[in-house]
Amino acid sequence: MTSSKSLLYLVFFLSLHFFSGFSTEFTVGGDEGWVIPKDDQLYNQWASKNRFKVNDTLLFAYKKDSVMAVTQEEYEKCKSVHPVYFSNNGKSIFKLDRPGLFYFISGVSGHCERGLKMIVKVLEPASPPQVASETSGPPTSGATKSAKVVVVFVVSLFGVMFV
């Protein structure tokens, strides 16, 4: 029983590790992009509906504007002299490189005050499950069969992803 459970945990852990390597690119504001909103909470509402993880990216699409990553204090003041990040190329990509809060504002005077700002919360990475040690006897045929099914499923899943 112990070896089949260990195998199950190993397969589960490897699949988590494999899938955690994927990142997502989010287009800020969806189809509208990074524009002065009608509702000054639009971007924070958009951000709260998404689940961001480390290594995801944010795509800011805009015309005649800019985006800055700033401190919380600068976010609250809608002003930054030395932003953490600045871009004004119309299609800016920002990588979320750590868990925690990120603060974004427009760099164009007056736009932040009109709602062109956003807070993004990046989730902590999931920790792998802990394996409990057992001192039971040899695996039963049912446990061995379950382990084989999981291995076949994961191998099949990986095969489908690489085809």
Side-chain angles (χ1 to χ4, degrees), residues 6 8-133 150-151 153-163:
S6 297
L8 283 171
Y9 285 122
L10 177 64
V11 169
F12 179 72
F13 175 74
L14 290 175
S15 64
L16 280 179
H17 180 70
F18 178 78
F19 289 113
S20 68
F22 289 106
S23 61
T24 303
E25 181 172 274
F26 292 88
T27 301
V28 175
D31 294 337
E32 296 296 317
W34 184 244
V35 297
I36 298 172
K38 293 176 184 165
D39 174 5
D40 67 353
Q41 289 302 308
L42 176 80
Y43 291 102
N44 284 332
Q45 290 169 357
W46 174 86
S48 70
K49 293 177 185 173
N50 291 291
R51 296 181 60 83
F52 303 100
K53 61 185 187 316
V54 174
N55 293 325
D56 282 348
T57 55
L58 300 175
L59 170 63
F60 292 85
Y62 50 88
K63 295 178 183 173
K64 297 182 182 179
D65 213 307
S66 63
V67 62
M68 297 191 296
V70 297
T71 65
Q72 180 180 0
E73 182 180 338
E74 292 169 326
Y75 173 87
E76 291 167 359
K77 291 180 179 178
C78 274
K79 187 173 184 174
S80 176
V81 178
H82 301 288
V84 176
Y85 169 86
F86 172 81
S87 181
N88 64 353
N89 65 8
K91 198 169 188 180
S92 305
I93 296 175
F94 184 87
K95 184 175 182 177
L96 302 167
D97 60 356
R98 61 172 173 76
L101 297 175
F102 289 82
Y103 300 89
F104 298 94
I105 63 174
S106 168
V108 174
S109 181
H111 287 194
C112 177
E113 291 84 357
R114 293 173 60 194
L116 197 50
K117 60 184 182 174
M118 174 178 68
I119 302 172
V120 168
K121 181 178 181 180
V122 178
L123 302 173
E124 292 283 340
S127 53
Q130 297 213 353
V131 179
S133 60
V150 170
V151 169
F153 172 74
V154 171
V155 169
S156 299
L157 186 61
F158 288 156
V160 168
M161 292 179 65
F162 292 110
V163 171

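Position 1 is the first residue of the sequence, and the numbers go up from there.
Looking at residues two or more places apart in sequence or on another chain, you find no salt bridge (Lys or Arg N to Asp or Glu O under 4.0 Å) involving E124. Checked against ring-ring contact (aromatic ring centres under 6.0 Å, His included), F26 has the following partners two or more places apart in sequence or in another chain: F52. Applying the ring-ring contact (aromatic ring centres under 6.0 Å, His included) criterion to Y85, with sequence neighbours excluded, gives F94. Under the rule for a ring-ring contact (aromatic ring centres under 6.0 Å, His included), the partners of Y43 that lie at least two apart in sequence or sit in another chain are W34.
Atom CG of D40 sits about 9.0 Å away from atom CD of Q45, to the nearest 0.5 Å. To the nearest 0.5 Å, atoms CD1 (I105) and NE2 (H111) are separated by 12.0 Å. Rounded to the nearest 0.5 angstrom, Y103 OH and S80 OG are separated by 14.0 Å. Rounded to the nearest 0.5 angstrom, L96 CG and T57 OG1 are separated by 7.5 Å.
Side chain of D56 to backbone of K53: a donor-acceptor contact under 3.5 angstrom is found.
Proximity of S87 to Y62: side-chain heavy atoms (C-beta onward) are separated by under 4.5 Å at one or more points.
Other residues, nucleotides and ligands place no more than 12 heavy atoms under 6.0 Å from the CD atom of E32.
Shortest non-hydrogen contact noted between F104 and F102 is CE1-CB, 3.6 Å. Pairing each heavy atom of V35 with each of L116, the nearest pair is O-CD1, 3.1 Å.
Every pair passing salt bridge (Lys or Arg N to Asp or Glu O under 4.0 Å) that includes a residue from residues 66-86 is listed here, sequence neighbours excluded: E73-K77. For the disulfide bond (SG atoms under 2.5 Å apart) condition, the pairs that include at least one residue of residues 39-92, sequence neighbours left out, are C78-C112.
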